2 protein chains.
Amino acid sequence: MARKPADQAVNRHDILIAAANVFRRKGYHGTKMADIAAEVDLTAGSLYHHFPDGKQQILREVLTDGLAMVTAEVQAIVEDNTLTPDEKFRKAVYAHIMALAQNVSVAAALVFETRNLLEDQSARDSYLQRRDSFEQLYRQVIHEGIEAGVFRHVDVPIFTKALLGSNNWVGVWFRPTGRLSGEEVAMEIADVFLNAVLIKT
Amino acid sequence: MARKPADQAVNRHDILIAAANVFRRKGYHGTKMADIAAEVDLTAGSLYHHFPDGKQQILREVLTDGLAMVTAEVQAIVEDNTLTPDEKFRKAVYAHIMALAQNVSVAAALVFETRNLLEDQSARDSYLQRRDSFEQLYRQVIHEGIEAGVFRHVDVPIFTKALLGSNNWVGVWFRPTGRLSGEEVAMEIADVFLNAVLIKT
DNA sequence: CTGTTAATCAAATCACGATTTGATTATAAA
DNA sequence: TTTATAATCAAATCGTGATTTGATTAACAG
């Protein structure tokens, strides 16, 4: 009945990656449908075959997929209850930064393009809600550490914002070709925040 | 010879503030000249009287003025050599965040709109250079603390990026009507990063 | 083979929004 | 008062870029 995609045919995922790349270079509004199309050797019109709702839909999917990816990484660690609070915290931050460093374009989109989602009231709300849930993961980890008596009594919401700010920012400045690898950066930043919360012995 | 501005006439500064406000709501590309004009009760065309180079010039001035303002605040503290390294660090972070919290729209522009400056090769380069100088201020302070033996041997560039990430992010989420005042937020975050670098006793 | 649907393209559409232009008005200086 | 200039407006200009439309081609199902 239906036709199976041929090898050279582009798929939705290729387009989303391409879009994220262009978004990083030019920003959502600065990106033309033709730019995204060119990146995957198509014409602008052809994109509507894959994304009937056009540019806005592409942005929406770049962000939801990106957030889902990052969330999955962090959640896996948060749910591992064999870890002590400080190990859990360190690993969560490490995993978070690694996920961002390995997908810089998507990471940058998560920082810069979320604002351009402000149409589609429903789609946007559901995205923001998932973003809040992600933040909640960190609050929970920090809270557990405080309860367990290993973390200082920091203001959890503010500490979390500070942490997210640093991590998100990695998506803005990190370059795989830089002085340090993603692993090293992730390690260093995890260390900074762990030192910031740990009770001094 | 020339005419002195009447009381009700708008001036360049009013327009820049208005522009920053609209930028925060809609982003640079999402902002129409008419939007900025409306904010100060003018028509789009009239803006060209104050900013002959149009929208791009307005963005450029919002950013350069904003960066200059923030830099001035931090620099004043960095240059005060009566302060111990840890006091200097804490006060610099505090002043930085206070400056951002008191000018949220400008702060948000510094984060989100710098990318849209990517025209005017010269103007852009000079801006980026000043931004680097600002970052350099922090690196210096941290370096001094390490030399003085009061700070851990953190990776200075990475630690600085982490700090800037957190601080910049304040411009994104902070609302003057929120649970905590700018002072409280500034205090809390300064505390987080001070604890992160201070050598445990 | 033949028919059906997926993928793609080239060429319209169609709006929107930055900038320009040509008055018009207000105010300070003389 | 006059006059020059600043400040402003309303109405064109002029491109650009998202989306639509109507073919055209390709690959699988039968």
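Note that these values count all heavy atoms, side chains included, but never hydrogens, waters or copies made by symmetry. These numbers come from a predicted model, not from an experiment. Every chain is numbered from 1 and lettered A, B, ... according to where its sequence line falls, protein lines coming before strand lines.
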Starting from [atom2] on [N], measure out to [atom1] on [X] and report it in whole angstrom.
X       : N      : atom1 : atom2 : result
B:Leu42 : C:dT25 : CG    : C1'   : 14 Å
B:Asp53 : C:dT19 : CG    : P     : 9 Å
A:Met33 : C:dA10 : CE    : C1'   : 16 Å
B:Leu47 : C:dG17 : CG    : P     : 15 Å
B:His49 : D:dC9  : NE2   : C1'   : 13 Å
B:Asp35 : C:dA18 : CG    : C1'   : 12 Å
A:Tyr48 : D:dA23 : OH    : P     : 21 Å
B:Ile58 : C:dT19 : CD1   : C1'   : 12 Å

Carboxylate-amine/guanidinium proximity below 4.0 Å for B:Asp65 and B:Arg60: no
Any salt bridge between B:Lys88 and B:Asp80, counting N to O under 4.0 Å? no
Is the phosphate of [N], meaning OP1 or OP2, less than 4.0 Å from a side-chain N or O of [X]?
X       : N      : result
A:Ser46 : C:dC9  : yes
A:His29 : D:dA18 : no
B:Thr43 : D:dC9  : yes

Is it the case that the side chains of A:Gln140 and A:Gln136 hold a donor-acceptor pair, with the cut-off being a distance below 3.5 Å and no angle test? no
Could you tell me whether A:Gly45 contacts a base, only the sugar-phosphate backbone, or nothing, with contacts defined as non-hydrogen atoms closer than 4.0 Å? base
Sole residue of B:Arg25, B:Arg24, B:Lys26 in salt bridge (charged side-chain N to carboxylate O under 4.0 Å, His left out) with B:Asp35: B:Lys26
